[in-house]
Amino acid sequence: MDVTNYVILAAILFSIGAVGVLVRRNAIVMFMSIELMLNAANLAFVAFAQANGTFDGQVVAFFVMVVAAAEVVIGLAIIMAIFRTRKTASIDEANLLRA
Amino acid sequence: MGYTLAFEAISPIANTQVATGSFAYLWLLIALPLIGALVLLLGGSRTNSFGPLLAVLMPATSFGFAVYLWLQMLGLPKELRSQNLVLFEWINIGSFQVPFGFQLDPLSMSFVLLITGVGSLIHIYSLGYMDHDPGKRRFFGYLNLFVAAMLLLVLADNYLLLYVGWEGVGLASYLLIGYYQHKPSAAAAAKKAFVVNRVGDVGLSLAIMLMFVAFHTVTFAGISEKAEQGSATVLFLIGIFLLIGAAGKSAQVPLQSWLLDAMEGPTPVSALIHAATMVTAGVYLIVRSNSIYDLSVAAQNAVILVGAVTLLAGAAIGMAKDDIKKALAASTMSQIGYMVLAAGLGPIGYVYAIMHLLTHGFFKAGMFLGAGSVMHAMNDEVDMRKYGALRGIMMITFGTFFVGYLAILGVPPFAGFYSKDLIIEAAFDRSIIAGVATLLGAGITAFYMSRLILMTFFSNKRWEDDAHPHESGLTMTIPMVVLAIGSVSSGFLLTYNDALKSWLAPVTGYQTPEPPIAIPVLIAITLATVLLGVLVAVKLYLKEAARVAPTDVSIFTKAARKDLYGDAINEAVFMRGGQQVVNATTAVDNSVVEGSVNFIGRITLGLSSLVRATQTGYTRNYALAMLIGVALLLLLAAIVRL
Amino acid sequence: MTNLPYLTLLILFPLVGSLVTFALPMAFGAARIKAVAIGFSVASFFMFVLTALQFELGTSDKFQLTENYEWIAAFGVSWAVGVDGLGLVMLGLVAILVPVVLLAGWSDIADDVAGKFFGLVLLLQAVVTGVFAATDLFMFYVFFEVMLIPMYFLIGRFGDQNRRKAAVKFLIFSLVGGLVLLAGVISVWVNSIRITGFGSFDLEYLSSLDLSLETQRWLFMAFFFAFAIKAPLVPLHSWLPDAAGSSTPTVAVLLIGILDKVGTYGMLRFLLPMFPEASVELAPIALTLAVLSIFYGAIMAIGSRDIKRLMAYVSISHFGFIVLGIFAFTTQGISGSMFYMLSHGLSTAALFLAAGYLMQRTQSSKIDDHAGAFQTTPLLAGFILFGALSSVALPGLASFIAEFTVLLGTFARYPLLAGFATLGIVVAAVYALWLYQRTMTGKPSDAVAGIKEISGREVLALSPIIALTIALGFVPQPAFDVLNPTATKVMQQVNQIDPAALIGGDN
Amino acid sequence: MLITTEVFVQPEINWFAISPFTILLAAGVFSLLIETFAPRAARRPLQLALVFGALLASFAAAALLLGTETLTAGDAVAIDGPGVLLQAVIALVALVGAAGLAENKVDPSGDAFAARASAIPGSSDERAFTAAGWYSTEIWTLFLFAAGGMQLFVVANDLLTMFIALEVMSLPLYLMAGMARRRRLLSQEAALKYFVLGAYSSAFFLFGAALVYGATGGINFNDIAQAIPGRPQTATLLMAGVVLIFVGMLFKIGSAPFHQWTPDVYQGAPTTLTAFMAAGVKLAAFGAMLRLAYSAFGALIWDWRPLLWAIAAITMFVGVLAALMQTDIKRMLAYSSVAHAGFLLVGLISGTNAGLVSVLFYLAAYAFTTLGVFLLLSLVRDANGEANNIDTWRGLASKSPLTAFTMTFLLLALAGFPLTSGFIAKFSVFAAAVQANQMPIVLLAILASAIAVVFYLRVVVLMYFRAAESTEVAVAIPSNFTVVALVVSAVITLILGVYPQPLLDLISQTPVFIR
Amino acid sequence: MSITFAICATLSVTGALGMLLSKRAVHSALFVALTMINLAVLYLQLSAPFLGMVQIIVYTGAVMMLFLFVLMIVGVDSSDSLTETLKGQRVTAIAVAVALGLLLTTSIGSAVIATDTQLDTVLAGGNVQAIANLMFSKYVLALEVTAALLVTAAVGAMVLAHRERITPKLSQREQQKARFADYALTGKHPGPLPSSGVYARHNAVDTPALLPDGSVSTISVPAPLQARGSVRDINEEDAQQIVDLTQGNTVIEGGQDGRN
């Protein structure tokens with residue numbers, strides 16, 4: 001089994017996630033894209049763990065999930081707070097700060 | 001005085017004696033008028049009462065002391081007459097060593113006597129002339145300052161100190177020409193005099209620098225000692241630079257233009273500075289630098305050329321001027337041309353140059369004072385066409401003036417006869433052309449001086465209605481009389497027993513001229529020429545002169561009236577050209593220098609706007625920028641690894 | 001007595017004065033605050049006199065009264081001070097000018113901010129003293145930069161309506177120069193580490209380094225750039241007319257008379273000793289800019305319609321002479337340049353302060369607003385004429401000795417260049433006398449109609465300057481006795497000897 | 001390779017060595033307990049006591065650790081010279097920052113944070129909470145975690161620990177950024193932007209970490225450094241990973257083109273928090289960046305130097321150019337912090353010990369200056385809160401000479417004037433770069449510094465050279481918290497400028513990372 | 001390349017693209033969940049059964065559910081307009097992302113990744129034990145510190161989302177007492193206001209209610225509308241009809257409710 005394929009898959013998912021952040025205006029979807037990127041990283045970690053024959057990658061992936069969970073909570077809390085104020089989840093409307 | 005004021009003497013320079021005895025106090029010559037100037041100028045209005053008198057006293061005392069020293073000097077053997085007094089070390093930087101020292105030798109002694117003597121007379125004259133002027137304290141202060149500076153000029157033992165005096169008299173001249181500060185023309189004339197003189201000063205500066213570079217000394221003694229070793233080029237260049245300096249101060253072509261304008265100053269100033277003393281400084285400089293000129297025929301020729309051109313140009317201008325002072329000024333220019341020409345002849349001419357300088361000092365000063373007296377009488381009118389028939393009213397003025405007139409014409413036995421005739425002889429010795437120029441000059445001089453005296457004292461009355469001419473007071477007439485006596489006698493005295501020749505010879509050397517034409521014949525020719533000039537003038541102006549200057553005149557007259565277009569050329573080349581340079585530079589400063597600074601500023605601000613434009617406030621834009629950054633970094637990393 | 005840290009004290013005196021002046025409450029009274037400040041500046045002057053008395057004349061070319069305390073060991077930085085002839089003369093200039101300027105500017109400043117103005121001037125004095133006393137390149141740089149701050153405030157707070165722009169322009173120009181200098185300073189230091197293995201900013205140590213010509217060239221450019229901005233040489237000058245033109249005359253005197261000297265001082269103190277070969281090789285650049293400045297400044301002065309701007313351009317012209325003398329590499333040129341720095345400080349003060357008196361009376365610096373002031377204030381006219389003549393280098397004044405020796409020294413090596421530069425004295429006569437003509441002569445204008453003649457205080461402020469200018473014109477040798485060893489040292493450092501006489505040899 | 005289930009070996013943990021951040025994290029948990037159990041009125045004093053106590057203890061621990069070099073907790077942290085020093089500085093910065101955050105006098109309604117962040121801005125709820133004088137004392141929990149995260153960040157010795165430290169540091173800051181008492185709309189926007197972009201950058205960091213793990217077979221810095229020379233076949237992978245990891249770091253330090261959050265977040269966040277954030281995050285992220293560059297990827301210097309060279313150049317110019325015409329002082333200072341990131345990178349790319357020392361010094365110097373500047377900023381107010389528009393600062397010198405003077409001094413320090421810490425910092429950074437033959441970037445840095453002066457001085461010009469136009473804007477009288485914080489900041493800025501030798505000595509004692 | 005990988009890879013990319021392209025956020029979330037489940041399968045393939053499970057439980061189970069909750073709050077129906085409003089954003093984004101993907105895949109592809117080791121074949125003590133062993137030894141600090149993250153998350157959620165009451169909740173009785181006290185004091189109507197449009201031809205808020213006597217109830221129209229002056233007039237005919245109706249004059253044909 002060629003680990004390279006997994007990593008390439010990870011790279012593709014990562015890139016899709018990266019582009020998702022750029023083209024979606026809904027903050028929640030944007031955030032999902034970021035989660036996708038984290039998942040891609042996890043996939044790469046796990047794949048490399050397989051290639052390297054060590055478990056460090058798997059441990060990292062586990063921790064990433066934990067961190068991601070925490071991040072999601074905070075992120076969604078922030079998005080909620082903003083939604084309650086502005087009644088919109090579009091990130092483009094948060095552009096008072098500029099120049 | 002309980003203690004000695006004589007400064008410690010520093011080692012003697014070759015051919016000179018360390019000043020001892022009364023000569024150790026020769027600095028007093030300068031100090032006295034300087035003190036006068038300081039007291040008057042710094043003392044303020046509290047010196048108003050006694051100031052003018054003090055101012056007269058100071059140069060007079062100097063004159064007395066000068067006479068005393070002269071007598072002392074006469075008592076010394078010829079080779080010991082050059083007295084050197086070094087007060088202190090002035091500048092000492094490496095090989096550039098200049099003493100603050102004075103040299104009193106027969107040449108400078110002659111000048112000291114002239115300056116203090118004529119100077120004192122003119123001070124006395126001024127007491128009367130300036131009597132009603134509210135600012136006369138200042139005037140006398142300036143006059144004293146001038147005398148001090150002029151004495152410094154002739155007493156310095158090196159070129160640099162001479163330069164100090166040189167510019168000092170320039171300053172005094174500036175102050176005095178511009179004395180009537182409220183008159184814009186006076187202020188402009190003063191500035192012009194200073195600036196044109198500065199051009200000459202450039203020459204003098206360069207001469208001094210070149211002397212230092214060539215000889216590592218700038219003292220007269222040092223130069224005369226080393227000059228023989230100098231290369232022809234160096235000597236020629238020094239000669240030329242000195243000539244430029246001399247031309248500036250002595251109003252020689254092409255730096256003559258200031259002198260006529262300088263007549264804006266009070267008349268005593270014209271007499272003292274612009275006739276008798278300061279303008280002859282150029283002649284002094286050339287004679288003083290005899291060790292240079294004697295070794296460079298080319299430089300001498302340049303001097304002769306300048307002298308010849310000026311004497312003719314001055315004479316030509318003199319023919320056309322209706323302003324009595326300007327006519328006299330043109331005459332001065334012309335007469336100094338004689339002196340310069342003579343000085344350019346080398347040892348043959350030095351003595352005659354100085355002789356003419358001294359006699360000219362008497363008769364021209366006298367005539368200026370006479371002119372001042374006339375003006376005084378005519379409500380400060382200077383236009384000769386508004387004079388006429390004054391001889392009966394102003395007897396003394398006319399008398400003294402007429403003596404001066406005869407002197408300048410070179411009518412024997414008046415002073416001018418001796419000095420001018422000798423110059424003509426010497427000029428013929430050198431070259432026919434120079435000789436003819438001097439001869440021609442004599443003729444023209446006779447014409448315009450006759451014209452002047454005829455229009456002023458003879459001819460018909462052309463006064464303005466409110467003119468009430470009267471003879472001037474004693475303070476004015478006495479100096480005129482004294483100068484007239486000098487005008488009569490000085491020529492004879494100076495030549496009697498070759499007095500001046502033997503007096504100056506230790507300094508300047510002497511050669512007897514041997515003109516190609518026999519001297520008596522030459523004298524006859526000269527007198528004939530002069531007579532011709534007089535006759536023409538008599539024909540034209542004895543009976544009657546036009547009240548207004550005719551306009552349908554020849555092109556030569558027009559040119560002469562315009563000072564031979566000297567000012568026009570200055571105007572076109574220097575004034576307007578200079579203005580254009582100023583404008584162009586200002587434009588460059590605005591556009592290029594400021595512009596490039598502003599350009600950099602604008603570029604920076606433009607970039608700033610550009611950068612700020614990327615800060616759109618849209619998070620997605622920011623993320624895009626990050627992603628672009630990531631991609632570029634990855635690309636760059638790949639390139640780096642290649 | 002002889003072991004006192006004279007130079008450090010010389011820095012501390014005005015510094016303490018400055019702090020005291022700042023700290024005094026307004027309620028203390030403006031006049032008293034001013035008096036205290038002047039007291040400190042006079043005390044500094046006496047401190048300088050004490051210092052000068054310790055200076056041994058002509059004994060050696062080494063720095064004297066040196067002090068050396070470790071400061072930042074990590075970089076090899078010391079608090080190192082010392083003076084040679086040049087340093088002493090510059091310190092003297094500072095010590096003389098500051099009290100004069102404070103006295104002259106007594107009533108220039110509104111009472112409520114007078115304390116700040118006087119405090120800033122004293123602060124500036126302290127810093128500038130540090131600049132001239134430092135023998136450590138780092139320390140020099142620190143003072144060099146800090147110097148800008150009080151000056152910035154002096155221009156920006158107390159000038160005319162254009163002062164803000166002028167202050168910023170001044171600072172930006174200076175800082176660009178300063179930062180380039182910083183690159184140079186760092187580079188010298190790094191090179192010293194590469195060569196000897198340890199880094200130090202000690203001037204003598206840095207001068208003894210054997211830098212490659214290539215390195216020297218780059219470093220020369222950096223240092224020269226910074227100093228050329230400071231001493232403004234064309235085309236890096238455009239800040240000066242603005243800065244001097246917008247500040248009060250007193251500040252302009254400090255700016256031109258003292259601050260700008262740091263540029264030429266730096267050339268002599270650091271540029272030539274540290275990069276001798278490059279200095280010789282690249283001297284033509286400096287000489288070209290110098291001659292350019294002489295004429296450019298003079299011509300721009302003729303074209304100026306503003307008195308202060310005119311004087312600033314005059315100074316640019318004068319700085320051209322100073323630089324010319326430095327890079328001629330003759331004893332006379334260098335000594336002359338150093339003397340020029342002194343005399344220029346005095347003549348600038350004379351002209352600026354006198355003209356300042358006039359401008360303060362007429363509330364205008366436009367030349368056209370003035371005419372015929374002679375009629376109302378003859379004494380002031382005399383002072384202005386004196387200042388004008390001083391900047392024309394009239395023989396008999398210090399500036400003549402300076403200008404002539406500079407030209408003479410240059411002539412010895414570059415006759416054509418010097419000959420050309422000599423023409424500058426004609427142009428100088430034009431601008432100076434034209435200024436006098438336009439402001440003082442003719443019919444009095446409205447602005448000058450009712451103005452008062454100058455007061456005793458104003459005369460008192462000017463008199464030491466005038467006295468010194470004349471005294472040094474006739475007796476310059478004491479100054480040269482102090483300066484000549486420095487000139488000789490610099491000549492040795494750049495490994496140059498004076499050209500021999502064309503004939504005969506020395507006497 | 002055969003992997004067997006090894007017998008579990010309990011890792012040795014040198015508790016003292018990890019005490020600085022442990023104290024803070026533990027205090028964070030205690031702080032939560034206070035939130036839970038203490039009555040509302042007692043919370044603020046209790047929290048403050050806890051925070052200052054913990055920070056002092058942390059600082060003391062770090063100070064005692066100075067000179068220690070040890071790996072502990074399964075080599076997850078490297079306690080070494082630079083690490084401990086940065087921890088100490090972070091503790092000190094946090095102390096000053098905490099003092100700033102504790103300020104509750106300048107705003108009549110309380111501190112800089114919303115009485116209740118959950119209340120909708122402008123609602124009656126919010127007014128009620130405000131009127132009741134509530135404080136969001138939870139910020140202290142978050143603050144302690146953030147500070148602890150920062151301290152862990154600078155000693156993390158493997159990619160995982162570093163990632164977690166990064167998040168521990170960042171998440172609380174995201175939250176706090178959105179909790180401003182006034183202008184909460186802006187504050188929430190700042191939080192959202194900070195969070196989204198921060199998470200985005202963490203993703204890059206993580207993916208990079210994965211690639212590095214794949215290329216070297218390890219995530220511990222020692223393993224990575226050891227493996228680099230022996231694995232040419234994965235070099236491309238490694239370099240891609242390094243780039244992505246650096247992206248994560250460059251985001252945090254705010255260097256272009258990853259800087260764009262900086263001005264928005266700095267402006268939107270409560271100013272006192274901005275002060276702490278600007279100083280602390282820069283310290284921590286740069287510490288981590290240094291460790292990565294020097295310890296883990298030191299062997300790759302020839303590869304990463306050109307990249308960071310370019311980034312440094314762009315960052316400096318973007319920072320100064322954007323700040324040039326900025327009319328909001330807070331944003332201007334944010335851009336200035338971007339520029340400073342560029343200057344710091346100049347020191348970093350020298351790759352030498354001198355470079356390390358210089359960057360550490362710069363960080364310490366910059367941290368306190370920037371703290372002071374932002375805290376001062378929070379004092380100048382009008383009726384609506386802070387007056388950050390530059391025009392409102394006109395004539396401030398006449399209203400409050402001391403504020404104007406201090407501000408000027410700190411701005412001069414930021415501009416790098418001699419006799420301020422900024423100059424010594426800049427000097428040492430430039431010197432290090434020159435020593436490492438990086439003259440071109442130094443010249444660029446110098447050019448950028450020259451531009452920078454313009455905008456720093458614009459504030460000075462307004463304060464001193466202009467007459468005041470509005471009477472509304474005034475300098476609030478702060479409580480002793482802020483006064484002390486300001487005095488400490490200014491004094492450190494001065495001392496480091498006049499006599500930097502002790503700190504330089506301290507840094508130079510052990511200027512190496514261990515791994 | 002195994003078939004499982006092929007299928008899961010395809011599905012996960014599909015999920016990712018689906019997330020990217022769905023108009024509705026909910027659909028995006030579901031697509032992400034699809035990707036995550038497939039990733040879990042891939043983890044199993046890569047000898048990481050524990051992670052596979054955690055992926056499903058934590059990610060698909062918890063995280064994605066959280067997303068869905070929030071989506072519910074925000075409005076499950078809300079759909080993004082897919083037209084791009086930022087100039088050039090989409091084109092550039094896609095181009096750069098493609099470039100990024102290419103750069104990453106080339107660097108990955110050009111690296112020689114060792115594939116000889118097979119983690120599951122050498123696995124002796126089981127995957128979970130192996131992970132545990134590492135987690136509690138080498139990464140124990142990370143584990144501990146993660147606690148801080150979780151606490152932060154909890155505190156953050158509380159601070160931003162939890163709405164505390166500042167005043168005690170009033171009981172029905174207390175509210176009623178207050179209402180009547182108010183009535184007694186100010187005469188304010190204690191009951192609910194008449195609803196607008198009642199007995200009116202137009203059941204709209206701008207149409208005032210008619211009282212049984214046919215007069216207009218002014219308080220039935222919201223104050224802003226009154227202030228704005230956009231209160232509808234009453235048709236006299238209608239009013240009369242009401243009067244008739246309430247007074248039993250008329251019987252309406254066809255049911256109880258009249259016109260609406």
Side-chain angles (χ1 to χ4, degrees), chain B residues 41 44 88-97 100 135 138 160 163-168 171 174 178 181-184 186-188 190-191 194-195 197-199 201-202 205-206 208-210 212-217 222 226 229-231 234 578 581-583 585-586 589 592-594 596-597, chain C residues 234-235 237-238 296 299-300 302-303 330-332 335-336 372 374-375 378-379 381-382 389 394-396 400-401 404-405 407-409 411-412 415 418-419 422-423 425-426 428-430 433-434 436-437 440-443 474-477 480-481 484 487-488 498-499 501-507:
Chain B
L41 292 177
F88 51 88
E89 187 181 43
W90 191 22
I91 302 175
N92 179 353
I93 315 169
S95 47
F96 184 55
Q97 292 159 352
F100 198 97
R138 191 163 52 84
L160 199 64
Y163 192 15
V164 175
W166 187 265
E167 285 257 19
L171 170 67
Y174 167 80
Q181 301 228 11
H182 56 275
K183 275 171 70 183
K191 190 190 73 186
F194 197 90
V195 171
N197 266 299
R198 273 252 148 172
V199 178
D201 294 346
V202 170
S205 299
L206 290 174
I208 299 173
M209 291 177 209
L210 191 53
F212 165 71
V213 170
F215 307 118
H216 272 195
T217 178
K226 292 184 176 178
Q229 304 164 53
S231 72
V234 165
V581 170
V582 169
N583 291 346
T585 314
T586 311
D589 198 63
V592 180
V593 178
E594 279 295 317
S596 57
V597 171
Chain C
V234 175
H237 64 281
S238 72
Y296 194 98
I299 290 170
M300 287 302 292
I302 295 175
T330 57
T331 314
Q332 291 81 26
S335 258
F374 177 85
Q375 306 294 331
L379 189 54
L389 292 171
L394 187 82
F400 166 71
I401 305 289
F404 193 83
T405 45
L407 286 170
L408 181 92
F411 193 89
T422 309
L423 293 174
I425 68 173
V426 180
V430 176
L433 298 182
W434 203 26
Y436 181 80
Q437 185 188 336
M440 290 297 151
T441 68
K443 267 183 65 180
F474 284 99
V475 195
Q477 195 52 35
F480 279 122
D481 285 339
N484 282 341
T488 314
D498 282 334
L502 291 180
I503 55 111
D506 287 350
N507 36 356

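Heavy atoms only: backbone and side chains are in, while hydrogens, waters and symmetry mates are out. The sequence lines fix the lettering, A, B, ..., with proteins before strands; numbering per chain opens at 1.
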Can you tell me which of [options] forms the most heavy-atom pairs within a distance under 4.5 Å of chain C?
| options | result |
| --- | --- |
| B:Gly165, B:Ser231, B:Pro184, B:Ser205 | B:Ser205 |
| B:Asn197, B:Val195, B:Asn583, B:Val213 | B:Val213 |
| B:Val592, B:Val199, B:Thr585 | B:Thr585 |
| B:Thr586, B:Ile93, B:Val581 | B:Ile93 |

Quick one: what part of [X] sits under 4.5 Å from any heavy atom of chain C, side chain, backbone, both or neither?
| X | result |
| --- | --- |
| B:Ile91 | both |
| B:Val234 | side chain |
| B:Ala188 | both |
| B:Tyr163 | both |
| B:Leu210 | both |
| B:Val597 | side chain |

What class does the angle between the rings of B:His216 and B:Phe212 fall in, given that below 30° is parallel, 30 to 60° is tilted and above 60° is perpendicular?
parallel

Tell me whether the rings of C:Phe474 and B:Phe100 are parallel (<30°), tilted (30 to 60°) or perpendicular (>60°).
perpendicular

Where does [X] contact chain B at under 4.5 Å (heavy atoms): side chain, backbone, both or neither?
| X | result |
| --- | --- |
| C:Gln375 | side chain |
| C:Gln477 | both |
| C:Thr405 | side chain |

Can you tell me how far [atom2] of [Y] sits from [atom1] of [X], rounded to the nearest 0.5 angstrom?
| X | Y | atom1 | atom2 | answer |
| --- | --- | --- | --- | --- |
| B:Trp166 | B:Leu171 | CH2 | CG | 15.5 Å |
| B:Leu160 | C:Ile401 | CG | CD1 | 6.5 Å |
| B:Leu41 | C:Leu379 | CG | CG | 11.0 Å |
| C:Gln332 | C:Phe480 | CD | CZ | 9.5 Å |

Are any side-chain N or O atoms of B:Ser596 and backbone N or O atoms of B:Val593, one a donor and one an acceptor, separated by less than 3.5 Å?
yes

Checking B:Asp589 side chain against C:Tyr296 main chain: does a donor-acceptor pair fall under 3.5 Å?
no

Report the option among [options] that has the most heavy-atom pairs separated by less than 4.5 Å from atoms of chain B.
| options | answer |
| --- | --- |
| C:Met300, C:His237, C:Met440 | C:Met300 |
| C:Ile302, C:Leu394, C:Ile425, C:Leu389 | C:Ile425 |
| C:Ile299, C:Leu407, C:Thr331, C:Leu423 | C:Ile299 |

Does a side-chain heavy-atom distance below 4.5 Å link B:Phe194 with B:Glu167?
yes

Any side-chain heavy atom of C:Thr441 sitting closer than 4.5 Å to one from C:Phe374?
no

